[in-house]
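Down below is the structure, laid out as structure tokens.
A, B, ... follow the sequence lines: proteins, then strands. Residue 1 opens every chain.
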Amino acid sequence: MLPHIHVMKPTVISVPAIRPFSFAECLRFLDRQLDDCLHVIDGAAVRKVLTIMDRTILTELTGDDEGVHVRILDDGSGSITHADVRNHVRDLFDMDRDIIPFYELLTEHDDLAYMPKIFRGLRMIGIPDLFEALCWSIIGQQINLAFAHRIKRRLVMDYGSSMIHGGAPHYAFPRAEVLADAKPEDLRAMQLSRSKVDYIIGIARAVAEGKVSREVLRHMEDVAERRRSLMELSGVGPWTANYVLMKTMRDPSSIPHGDAGMIKALVDHGMIADRKDKAGIERFFVRFPGWESYTSFYLWRSLYR
DNA sequence: GTCCAGGAAGAAA
DNA sequence: TTTCTTCATGGA
């Protein structure tokens with residue numbers, strides 16, 4: 001049996017994007033001082049454990065205006081192909097989308113025309129793992145993001161796996177099979193509400209049993225059916241369903257209705273005067289057909305200037 | 001003390 | 001069907 005030998009020259013995979021693309025702008029969104037435990041910002045690079053087809057690898061992502069460079073720091077079991085990594089990163093940074101039509105719509109809007117300039121190349125950062133997206137959105141319901149990240153960190157550190165690099169652990173979100181068997185009182189101790197504990201365990205079981213997955217959703221007739229299906233899960237309302245459709249399923253037309261941050265951005269931009277002006281919000285989005293998700297994401301981005 | 005955070009479910013009206 | 005109430009906690 002051969003001894004395990006470390007590869008001296010780490011593998012680097014280049015992933016080109018459809019321009020305009022800006023890795024710096026994507027990094028800016030990831031680095032919001034929110035202490036996200038699922039990636040580590042290190043200067044111009046971000047280290048992140050990627051879960052691809054149920055296996056984990058540790059990567060260091062850098063990039064420029066042309067794309068992303070993926071350095072494999074730990075290939076885990078070694079069974080992930082470069083093509084799989086490339087496809088995963090393309091999805092994570094939404095790199096195959098032509099966002100010029102979106103920029104044209106923004107430019108036509110007097111109060112948002114600054115966005116294609118200031119945020120140029122920003123892509124909607126996704127959450128490829130459906131279970132993570134569901135849990136994260138449930139954790140974040142109705143509480144501020146800093147608090148939500150603290151709760152997520154406790155959950156991930158207790159139930160997630162990690163890969164060591166530079167003496168520091170890098171975490172992957174827990175598998176549904178693990179959280180399906182978690183003790184409710186242990187989750188409750190992480191300052192999740194009793195309701196959210198029930199939601200998360202229930203969804204973990206549904207995902208572990210294969211009742212809910214990206215594949216199951218993808219095979220449905222249309223977005224409306226996917227939305228209905230997600231909302232059948234206890235704990236998933238309109239906001240969460242649309243958030244998951246945006247971040248995981250890459251639906252271009254889902255709006256996170258009721259989202260506190262989005263509404264604040266609309267008020268800040270003078271699009272609506274009253275936070276509960278639903279009709280005003282509907283009127284606003286009429287100007288961005290097919291780009292409602294991106295518009296919501298750029299509105300979120302505007303909150304961190 | 002009050003109000004708001006990247007809401008949802010169950011009860012009440 | 002629409003409108004409260006409750007849930008959890010922290011910060012402004």
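B:dA5 sits 24 Å from C:dT2 when the C1' atoms are compared, rounded to a whole Å.
A close approach under 4.0 Å does occur between a side-chain nitrogen or oxygen of A:Thr240 and OP1 or OP2 of B:dA8. Here A:Arg188 does not reach the OP1 or OP2 of C:dC7: none of its side-chain N or O atoms lies under 4.0 Å away.
What separates CD1 of A:Ile203 from P of B:dA8 is a distance of 11 Å, to the nearest Å. When the P atom of B:dA5 is taken as reference, atom NE2 of A:His149 falls 17 Å away, rounded to whole Å. Residue A:Met231 contributes atom CE, which lies 9 Å from atom C1' of B:dA8 at whole-angstrom precision. Atom pair A:Lys276:NZ and C:dT2:P shows a separation of 15 Å (rounding to whole Å applied). The distance from atom CH2 of A:Trp136 to atom P of B:dA8 is 15 Å, rounded to the nearest whole Å. Rounded to an integer number of Å, the gap from A:Trp239 CH2 to B:dA5 C1' is 11 Å. Look at NZ on A:Lys196: it is 8 Å from P on B:dG7, rounded to the nearest Å. A:Gln141 has its CD atom 7 Å from the P atom of B:dA9, to the nearest Å.
Set against B:dA9, B:dG7, C:dG10, the side chain of A:Asn144 has C:dG10 as its closest nucleotide. Of the candidates B:dG7, C:dG10, B:dA8, the closest approach to any side-chain atom of A:Ala260 belongs to B:dG7.
Each of A:Leu303 and A:Val236 lies near DNA chain B, and the nucleotide nearest A:Leu303 is the one positioned closer to the 5' end. Residues A:His257 and A:Arg275 each lie close to DNA chain B; by heavy-atom proximity, the contact nearer the 5' end of the strand is made by A:Arg275.
Between A:Phe23 and A:Phe21, the ring-plane angle classifies as tilted under the 30° and 60° cut-offs. Note on ring orientation: taking the six-membered ring where Trp is involved, the planes of A:Tyr298 and A:Tyr103 are perpendicular (angle over 60°, cut-offs 30° and 60°).
You'll find the ring centres of A:Tyr114 and A:His269 inside the 6.0 Å limit.
Backbone-only engagement by A:Ser234 is indicated by non-hydrogen atom pairs under 4.0 Å involving sugar-phosphate atoms exclusively. Among the protein residues, A:Leu233 comes within range of the sugar-phosphate backbone only, with heavy atoms under 4.0 Å from sugar or phosphate atoms but none that close to a base. At the heavy-atom level, A:Phe297 lies nowhere under 4.0 Å from the strands shown.
One donor-acceptor pair, N or O on each side, does fall under 3.5 Å between the base of B:dA5 and the side chain of A:Gln142.
Salt bridge status for A:Glu185 with A:Arg188: absent, with no side-chain N to carboxylate O gap under 4.0 Å.
Both the sub-6.0 Å distance and the 45° axial angle are satisfied by A:Arg32 relative to the ring of A:Phe29.
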